[in-house]
Amino acid sequence: MPHLRGRLIQNAEFRQMRVLRGDADETVRRLVGRRITSLERRGKFIMMHLDGGGGIFTVHLGMTGRLLIGGEIGKHTHAILQLDRGVLTYDDPRQFGRLEWSAGVPRSVGKLGPEPLLVEFPEFWQTLHRRNTKLKALLLDQKFLGGVGNIYADEALFRARIHPFTTASKLSKPRAVRLYDAIRQVLAEAIEGRGSSVSDYVDADGRLGSFQQSHRVYQRHGEPCLVCCRPIRRTLVAQRGAHYCAHCQKR
DNA sequence: GACGATGTTGGCAC
DNA sequence: GGTGCCAACATCGT
């Protein structure tokens, strides 16, 4: 968000307390009068660093959160930050997102595993091969890798030709290499396409993503596999929809 | 209108 | 400690 670096927060208002961690008045006091010096992403968290040792304002978009510059204020607008240039709003119908001011790196961010695009294979393998959980569940575990969500877990497993039910510790090293490569490839492509606009996701400028056009299994259940033409299946793993091809993805 | 799906995480039970 | 289940919420498609 190049719009935010260097901006002065002139005013702040929080309307829905559910998305805000901590006290609203306290958060407003911490933000107003501060300048955003830099932005940093860790996993699915966005951290805004404030000047003069002013701490960090952290945002997690949850499933339906949006941070928009100059967006309209509607019934799901839960935070409004008046900047010296423009207005930053946080919208979130389902209110699964979180906003939080903290003096240092918040606990939620501290618990995250390594960045998927930065982690080296030996570390990835070290953790993976001693976990007894299903691979799909492990990929969704933010302590394993920070930032992999449901869409990209399914897409990575398909591209690596590995069944989502496979027990992590039973995965051979060559197949782990395939998974490692697939995760990085899928994330890099998704970033290039500015995300997946499955329903109405938009980026900071209000633009739709395009990666959903590259989905090979996610939300394609019943449709033919792009490799073998057999129907894509959908089941539940860790209470989340898991989409896969039973023929192409071996356990 | 009812029902079940949806991109997430944290807390609690076993 | 590792793992799994559920809740929080609004909206949309069947």
Side-chain angles (χ1 to χ4, degrees), chain A residues 15-22 41-47 58-68 74-79 90-100 102 106-113 116 126-158 164-170 183 186-187 189-191 193-204 207-223 232-243:
Chain A
R15 300 183 165 191
Q16 173 50 253
M17 297 311 134
R18 155 154 278 280
V19 298
L20 180 66
R21 282 251 175 127
R41 181 198 58 77
R42 278 285 286 118
K44 300 170 190 168
F45 294 82
I46 301 162
M47 294 192 284
T58 302
V59 178
H60 189 297
L61 301 176
M63 290 172 79
T64 52
R66 293 176 172 195
L67 271 181
L68 291 171
K75 66 169 173 173
H76 298 304
T77 306
H78 309 309
Y90 179 73
D91 274 59
D92 189 357
R94 288 183 73 181
Q95 298 169 228
F96 287 179
R98 287 292 177 270
L99 309 177
E100 176 183 14
S102 55
R107 220 210 313 270
S108 46
V109 172
K111 285 191 296 195
L112 290 175
Q126 200 51 237
T127 316
L128 181 133
H129 94 282
R130 52 188 174 74
R131 292 291 296 267
N132 288 316
T133 192
K134 296 184 179 81
L135 268 180
K136 173 65 192 285
L138 182 62
L139 290 180
L140 293 177
D141 182 350
Q142 302 295 296
K143 293 190 290 304
F144 173 58
L145 290 179
V148 179
N150 205 32
I151 295 177
Y152 304 117
D154 281 359
E155 293 297 323
L157 285 165
F158 176 77
F165 286 9
T166 309
T167 301
S169 58
K170 291 181 179 167
I183 292 166
V186 164
L187 288 180
E189 278 177 39
I191 290 166
R194 300 188 325 278
S196 302
S197 293
V198 169
S199 53
D200 55 0
Y201 169 82
V202 291
D203 68 11
R207 295 187 302 175
L208 295 167
S210 64
F211 189 72
Q212 69 279 6
Q213 291 160 20
S214 305
H215 292 176
R216 298 181 193 170
V217 286
Y218 182 74
Q219 283 203 340
R220 291 195 65 245
H221 46 290
E223 294 176 38
I232 297 299
R233 295 195 197 177
R234 179 186 179 280
T235 52
L236 234 48
V237 182
Q239 318 314 121
R240 311 289 299 280
H243 310 77

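Protein chains get the first letters and strands the later ones, always in sequence-line order, with residue 1 at the start of each. Note: hydrogens, waters and symmetry copies are ignored here, and every other heavy atom, side chains too, is used. On a predicted model such as this, the values are computed, not experimentally measured, just so you know.
Take the nearest nucleotide of DNA chain C for A238(A) and for R130(A): the residue whose nucleotide is more 5' is R130(A).
Rounded to an integer number of Å, the gap from NZ of K111(A) to C1' of dT8(B) is 13 Å. dT8(B) atom C1' lies 12 Å from atom OH of Y218(A), rounded to whole Å. When rounded to the nearest whole Å, the span between NE2 of H78(A) and C1' of dC9(C) equals 9 Å. Atom CG in L20(A) sits about 16 Å away from atom C1' in dA8(C), given to the nearest Å. Atom CD in Q16(A) sits about 14 Å away from atom P in dA8(C), given to the nearest Å. Across the protein-nucleic acid pair, R240(A) atom CZ and dC5(C) atom C1' stand 13 Å apart, rounded to whole Å. If you take CG of L112(A) and C1' of dT9(B), they are 11 Å apart, rounded to a whole angstrom. Taking atom CZ on R98(A) and atom C1' on dT8(B), their separation rounds to 10 Å, with Å as the unit.
Of the candidate nucleotides dC9(C), dT6(B), dG10(B), dG10(B) has the atom nearest to the side chain of R21(A). Checked against dT8(B), dT3(C), dC6(C), the side chain of Q239(A) finds its nearest nucleotide in dC6(C). For R131(A), taking side-chain heavy atoms from C-beta onward, the closest of the listed nucleotides dT3(C), dA8(C), dT6(B) is dT3(C). The listed nucleotides are dG4(C), dT6(B), dA8(C); the one nearest the side chain of F96(A) is dA8(C). Distance from the side chain of K134(A) is smallest for dG4(C) among the nucleotides dG4(C), dG10(B), dT6(B).
Here T77(A) pairs with D91(A) under the side-chain hydrogen bond (donor to acceptor under 3.5 Å, both in side chains) rule; sequence neighbours left out. A search for side-chain hydrogen bond (donor to acceptor under 3.5 Å, both in side chains) contacts involving R216(A) returns nothing, not counting sequence neighbours. Residues passing the ring pair (Phe, Tyr, Trp, His ring centres under 6.0 Å) test with F96(A), sequence neighbours excluded: none. Shown here are the side-chain hydrogen bond (donor to acceptor under 3.5 Å, both in side chains) partners of T235(A), two or more places apart in sequence or in another chain: there are none. Take F211(A) and apply the ring pair (Phe, Tyr, Trp, His ring centres under 6.0 Å) test, not counting sequence neighbours, and it matches Y152(A), H215(A). For R234(A), the side-chain contact (heavy atoms from CB on, under 4.5 Å) criterion is met by H221(A), L236(A), H243(A), not counting sequence neighbours. Legend: residues meeting side-chain hydrogen bond (donor to acceptor under 3.5 Å, both in side chains) with R220(A), ordered by chain and number and at least two apart, are E223(A).
Counted within 6.0 Å of CZ on R233(A), heavy atoms from surrounding residues, nucleotides or ligands total 12 or fewer; the atom is thus considered open.
H60(A) has no side-chain polar atom (N or O) that falls below the 4.0 Å cut-off from OP1 or OP2 of dT8(B). Within the structure, a side-chain polar atom (N or O) of R234(A) is placed less than 4.0 Å from OP1 or OP2 of dT6(B).
Distance alone, capped at 3.5 Å, places no donor-acceptor pair between the Q95(A) side chain and the G65(A) backbone. The backbone N or O of H76(A) lies less than 3.5 Å from a partner atom in the side chain of H78(A), making a donor-acceptor pair. At least one donor-acceptor pair closer than 3.5 Å links the side chain of R41(A) to the backbone N or O of G43(A).
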Under 3.5 Å between N/O atoms: give me all the protein pairs with nucleotides 12-14 of chain B, atom names plus distance.
none

Could you go over nucleotides 10-14 of chain C and give all protein N or O partners under 3.5 Å, atom names and distances?
from    : atom 1 : to     : atom 2 : distance (Å)
dA10(C) : O4'    : P93(A) : O      : 3.3
dA10(C) : O3'    : H76(A) : NE2    : 3.3
dT11(C) : OP1    : K75(A) : NZ     : 3.4
dT11(C) : OP1    : H76(A) : NE2    : 2.8

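Of all the residues in residues 136-148 of chain A, not one reaches under 4.0 Å from DNA chain C with any non-hydrogen atom.
Nearest heavy-atom pair across G149(A) and L140(A) is C-CD2, 3.5 Å.
Between R98(A) atom CZ and D92(A) atom CG the span is 9.0 Å, to the nearest 0.5 Å. If you take CG on N150(A) and OG on S196(A), they are separated by 11.0 Å, rounding to the nearest 0.5 Å.
dT9(B) sits 22 Å from dG1(C) when the P atoms are compared, rounded to a whole Å.
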Which dot-bracket notation, 5' to 3', represents the base pairing of DNA chain B when pairs are defined as Watson-Crick or G-U with both distances under 3.5 Å, crossing pairs as [ ], and inter-strand pairs as |? .|||||.|||||||
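At a threshold of 4.0 angstrom between heavy atoms, the contacts of R18(A) are confined to the sugar-phosphate backbone, with no base atom among them. As judged by a 4.0 angstrom heavy-atom cut-off over every strand, G97(A) is placed among residues making no nucleic acid contact. Here D92(A) lies out of heavy-atom contact (under 4.0 Å) with every strand. Using a 4.0 Å heavy-atom cutoff across all strands shown, T64(A) reaches no nucleic acid atom at all.
Applying the salt bridge (Lys or Arg N to Asp or Glu O under 4.0 Å) test to every pair with at least one member in residues 147-157 of chain A, sequence neighbours left out, gives these pairs: K136(A)-D154(A), E155(A)-R159(A).
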